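Since this is a predicted model, take the numbers as computed values, not measurements. As a basis for the values below, the full set of heavy atoms in this structure was taken, side chains included, without hydrogen atoms, waters or symmetry mates. Chain letters run A, B, ... following the sequence lines, proteins first and then strands; every chain starts at 1.
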There are 2 protein chains.
Amino acid sequence: MYSSELIKGTLKTIVLNLLKENGKMYGYQITQRVKELTNGKIQITEGALYPTLHSLEKSGELDTQKEYMGKRVRKYYSLTKQGHVTANQKVNELTDFMNTMKFLLDLEARTSNG
Amino acid sequence: MYSSELIKGTLKTIVLNLLKENGKMYGYQITQRVKELTNGKIQITEGALYPTLHSLEKSGELDTQKEYMGKRVRKYYSLTKQGHVTANQKVNELTDFMNTMKFLLDLEARTSNG
DNA sequence: CAAATATACATAAATAACTTATGTATTAGC
DNA sequence: GCTAATACATAAGTTATTTATGTATATTTG
């Protein structure tokens with residue numbers, strides 16, 4: 001597990017990108033998928049996820065669709081048109097940021113080598 | 001400029017790494033150097049930096065040394081032995097995290113391609 | 001079949017790392 | 001002399017999280 005400060009700020013990007021690639025997902029599924037894909041290195045808590053999903057829905061990035069499995073409800077989320085745009089922007093911004101960070105760290109390492 | 005959430009959590013790592021490579025630096029110099037190295041994409045505010053420096057000093061990562069340029073004081077910071085260890089840990093953790101994030105984003109992109 | 005665990009949602013209080021605003025003082029440029 | 005840059009510092013407000021708690025159904029295990 002990474003120190004939590006690092007993960008902060010990337011949650012919306014992770015969620016939007018997962019939905020972009022998987023079409024639709026429900027909350028619990030997102031937490032499990034991220035845990036699985038990162039070998040437990042990134043674990044999204046439900047206390048963080050659900051408010052984020054609600055906020056993305058409110059701001060028009062996500063649509064919801066309820067599905068009943070017996071008596072249990074699953075709330076599926078999918079990207080709106082606007083959500084697709086935001087997803088791309090967020091992924092690009094994060095990629096750019098990480099490249100800048102790597103440059104910042106690598107450059108300094110190179111300087112010390114001569 | 002990146003949205004501020006992204007930069008959160010990386011400030012200590014940036015500062016420790018800069019000090020590791022440059023030996024000693026003072027606060028204002030750190031803000032200018034980061035701005036310069038990232039073409040203004042990352043701008044560390046003084047309100048964020050000074051408390052961080054104080055906190056790193058308090059926790060034993062940094063030593064300080066005052067230098068007088070005429071009447072003006074500069075407070076130089078440098079890594080303690082423990083600070084070197086922490087700097088390496090933080091850089092490794094950030095690098096690992098960024099690789100995990102890239103995998104998470106790239107994997108999904110690859111999945112959509114077939 | 002009872003108990004524990006997993007699935008699945010949700011919210012609210014507390015916390016941490018910032019931003020924004022403000023303050024002081026010296027130095028440089030016009 | 002005025003403005004901007006240099007150089008420090010702190011405090012209030014914001015925001016995204018963590019931690020804690022709650023509800024309910026479904027599955028596994030003894």
Enquirer: Does the side chain of B:Tyr26 get closer than 4.0 angstrom to OP1 or OP2 of D:dA7 through an N or O atom?
Expert: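 For D:dA7, OP1 or OP2 has a side-chain N or O of B:Tyr26 closer than 4.0 Å.
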Enquirer: Between the side chain of A:Asn17 and the main-chain N/O of A:Thr13, is any donor-acceptor distance below 3.5 Å?
Expert: no
Enquirer: Look at A:Arg33 together with A:Glu21 and state whether they make a salt bridge at an N to O cut-off of under 4.0 Å.
Expert: no
Enquirer: Nearest whole angstrom, please: distance from the P of D:dA7 to the CD of B:Gln32.
Expert: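 Value for this atom pair: 9 Å.
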Enquirer: Using side-chain contact (heavy atoms from CB on, under 4.5 Å) as the criterion, list what pairs up with B:Asn92, not counting sequence neighbours.
Expert: none
Enquirer: Which nucleotide wins on minimum distance to the side chain of A:Lys75, given the candidates C:dC18, D:dC8, C:dC9?
Expert: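 The closest nucleotide is C:dC9.
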Enquirer: Using a 4.0 Å heavy-atom cut-off, does A:Arg74 contact any base of the nucleic acid, only the sugar-phosphate backbone, or nothing at all?
Expert: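 Answer is sugar-phosphate: A:Arg74 comes under 4.0 Å of backbone atoms only.
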Enquirer: Checking A:Thr80 against A:Gln82: is there a side-chain donor and acceptor pair closer than 3.5 Å?
Expert: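 Short answer, no.
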Enquirer: How would you list all residue pairs meeting ring pair (Phe, Tyr, Trp, His ring centres under 6.0 Å) that involve residues 63-88 of chain A, not counting sequence neighbours?
Expert: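 Applying ring pair (Phe, Tyr, Trp, His ring centres under 6.0 Å) to every pair that reaches into residues 63-88 of chain A, excluding sequence neighbours, yields A:Tyr26-A:Tyr76.
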Enquirer: By a strict heavy-atom criterion of less than 4.0 Å, which residues belonging to residues 44-51 of chain A are in contact with DNA chain C?
Expert: A:Glu46, A:Gly47, A:Tyr50, A:Pro51
Enquirer: So does A:Lys8 get a side-chain nitrogen or oxygen closer than 4.0 Å to the phosphate oxygens (OP1/OP2) of D:dT18?
Expert: no
Enquirer: What is the distance from atom NZ of B:Lys41 to atom OG1 of A:Thr100, rounded to the nearest 0.5 Å?
Expert: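 Here the rounded value is 4.5 Å.
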